[in-house]
Peer 1: 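Have a look at this one.
None of these values were measured; they are calculated from a predicted model.
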2 protein chains.
Amino acid sequence: MSATGSERTSGRPAPLAGAAQPLSAIEAVTLATTLSALADPVRIQLVSIVAARGSVCSCDLESPLAKSQPTISHHTTILARAGILVGEKRGRWTWWRLAPEALNDLRRALDVSDAAEPAHESSTCED
Amino acid sequence: MSATGSERTSGRPAPLAGAAQPLSAIEAVTLATTLSALADPVRIQLVSIVAARGSVCSCDLESPLAKSQPTISHHTTILARAGILVGEKRGRWTWWRLAPEALNDLRRALDVSDAAEPAHESSTCED
DNA sequence: GCTTTATATCGACATAGATGAATGTGAGGG
DNA sequence: CCCTCACATTCATCTATGTCGATATAAAGC
C-alpha cells in the first residue's frame with residue numbers, strides 16, 4: 001500500500017482528481033467498467049425504475065422498457081455484475097433493488113472539487 | 001413546461017430518481033450519451049489528467065495515454081461534444097480544460113437520495 | 001412426473017465504436 | 001513562398017456489445 005494517503009487500493013473506485021493526481025491505467029479501466037454498466041439507455045432507465053419503486057421483479061421490466069425477456073435478463077446481469085443492482089430470488093421470481101452504496105461511490109469518484117488549479121507545470125509546448 | 005417542479009425540460013440531465021419517478025426513454029438516452037463519453041478507460045484517464053493539471057494541450061496527452069495522435073483527437077472530440085471538456089486554440093496548440101459544471105451535473109443526475117422507499121406498488125406477480 | 005411460469009443461457013446477427021496509417025487543414029517561422 | 005508542426009479528418013479494420021429466437025434451468029402447482 002502506498003503511503004500517499006488516499007487509499008488507492010480500496011474497493012471503492014478511485015476519485016477522478018480527489019488526490020489532484022491522474023488515475024492509473026488500471027484505475028481507469030475499473031471506473032470505465034462501472035460507468036459502462038450505466039452508459040446504456042435501457043440500463044439507465046431500468047435503474048431509475050428500480051430506484052423509484054424500491055424493488056422490482058424482472059417480469060415487471062419488460063413492458064416499461066419495451067425489450068424482450070432475454071434482453072432484460074442480459075441488462076440486469078450486467079448491472080448486478082457491476083455492483084449496481086442486487087438480485088434476490090424469491091420463489092420463481094427475481095427481485096431487484098439498488099445496491100446501497102454503489103451509486104454514491106460512483107458519484108464520489110466523479111468528484112473533482114479540489115483539483116483544477118491553473119498550475120501549468122511541464123509541457124512540451126511553450127505558450 | 002410541466003408544473004411538477006423538477007424541471008425535466010432543462011439543459012441539465014434529469015435525476016435518476018430525484019423525483020421518485022422513472023426516467024423517460026428520451027431522458028435515458030440523454031444521460032446514457034453523457035455517461036458513454038466517460039465510459040472508456042482512455043477518456044477517463046484523459047479527464048483525470050486534465051483535472052489534475054488544470055489545463056493540458058493535446059500534444060501532452062499522447063505519452064501518458066500511450067495512444068496515437070488521431071486517437072487522442074478522437075477522444076477529446078467526444079469529450080468536448082459531451083460538454084465535459086472545453087478546448088481553446090492558442091496558436092498551433094489546443095488547450096483543454098474541464099467544463100465548469102459538467103461533472104457536477106452528472107453527479108447530481110446519479111443522485112438517488114430521496115428514492116428507494118420499499119413501496120411495492122402494483123406488480124404482475126404476487127409475492 | 002407433467003405442465004406452467006419466470007428467468008438464465010446460447011447462438012447468430014447487426015451495429016457501434018476504438019484504433020491508427022494516410023491525408024487534409026491551418027498557423028508560425030524561415 | 002515553402003517548410004514545419006499541431007491537430008483534425010478520412011478510411012479501413014477489428015473488437016465489443018445490444019438484440020432476440022431458441023433452448024435450458026428451476027421452481028410451483030396439479
Peer 1: Got a sec, which pairs hit salt bridge (Lys or Arg N to Asp or Glu O under 4.0 Å) with one end in residues 69-89 of chain A, sequence neighbours left out?
Peer 2: A:E88-A:R90
Peer 1: How is A:S73 classified with respect to the nucleic acid when contacts are heavy atoms under 4.0 Å: base, sugar-phosphate, or nothing?
Peer 2: base
Peer 1: Between the side chain of B:R43 and the main-chain N/O of B:L38, is any donor-acceptor distance below 3.5 Å?
Peer 2: no
Peer 1: If you only use heavy atoms from C-beta on, which nucleotide in D:dG18, D:dC5, D:dA28 is closest to the side chain of B:R92?
Peer 2: D:dC5
Peer 1: Output the residues of residues 76-89 of chain A in contact with DNA chain C, where contact means a heavy atom of the residue under 4.0 Å from an atom of the strand; sort by number or write none.
Peer 2: none
Peer 1: Between A:E27 (side chain) and A:S24 (backbone), is there a donor-acceptor pair under 3.5 Å?
Peer 2: yes
Peer 1: Of the non-hydrogen atoms in A:T33 and A:V29, which two are nearest, and what is the gap between them?
Peer 2: OG1-O, 2.7 Å
Peer 1: Between the protein and nucleotides 19-25 of chain D, list every N/O to N/O distance that falls short of 3.5 Å.
Peer 2:
{"from": "D:dT19", "atom 1": "OP1", "to": "A:K67", "atom 2": "NZ", "distance (Å)": "3.2"}
{"from": "D:dT19", "atom 1": "OP2", "to": "A:H75", "atom 2": "NE2", "distance (Å)": "2.6"}
{"from": "D:dC20", "atom 1": "OP2", "to": "A:S68", "atom 2": "N", "distance (Å)": "3.2"}
{"from": "D:dC20", "atom 1": "OP2", "to": "A:S68", "atom 2": "OG", "distance (Å)": "3.2"}
{"from": "D:dC20", "atom 1": "OP2", "to": "A:T71", "atom 2": "OG1", "distance (Å)": "2.8"}

Peer 1: Of all nucleotides in DNA chain C that come within under 4.0 Å of a heavy atom of chain A, which is furthest toward the 5' end and which toward the 3' end?
Peer 2: C:dT4 to C:dT9
Peer 1: Over how many whole Å does the gap from A:W93 atom CH2 to D:dA27 atom C1' extend?
Peer 2: 10 Å
Peer 1: Does A:L23 offer a backbone N or O that forms a donor-acceptor pair with the side chain of B:S48 under 3.5 Å?
Peer 2: yes
Peer 1: Can you confirm whether the side chains of B:S68 and B:T71 place a donor and an acceptor under 3.5 Å from each other?
Peer 2: yes
Peer 1: Just by distance, do the side chain of A:R107 and the backbone of A:A102 share a donor-acceptor pair under 3.5 Å?
Peer 2: no
Peer 1: DNA chain D: A:G91 or A:A39, which has the more 5' nearest nucleotide?
Peer 2: A:A39
Peer 1: Could you report the tightest heavy-atom contact between A:I72 and A:S58, atom names first, then the distance?
Peer 2: CG2-O, 4.2 Å
Peer 1: Please map the stems of DNA chain D, keeping only stretches of three or more Watson-Crick or G-U wobble pairs with both distances under 3.5 angstrom.
Peer 2: C:1-30 with D:1-30
Peer 1: Check B:P22 against A:I49 and note the closest heavy-atom contact, atom names and distance.
Peer 2: CB-CG1, 3.7 Å
Peer 1: Before giving the answer on side chain to side chain donor-acceptor pair (under 3.5 Å), spell out for A:S55 and A:W96 the whole-Å C-alpha distance, their side-chain angles and the decisive distance to 0.1 Å.
Peer 2: CA-CA 6 Å; A:S55 186; A:W96 299 99; over 6 Å; no
Peer 1: Do NZ/NE/NH1/NH2 and the carboxylate oxygens of B:R108 and B:D111 come within less than 4.0 Å?
Peer 2: no
Peer 1: Going by salt bridge (charged side-chain N to carboxylate O under 4.0 Å, His left out), name the residues that satisfy it together with A:R97, two or more places apart in sequence or in a different chain.
Peer 2: none
Peer 1: Can you tell me if A:S73 uses its side chain to pair, donor with acceptor, with the backbone of A:Q69 under 3.5 Å?
Peer 2: no
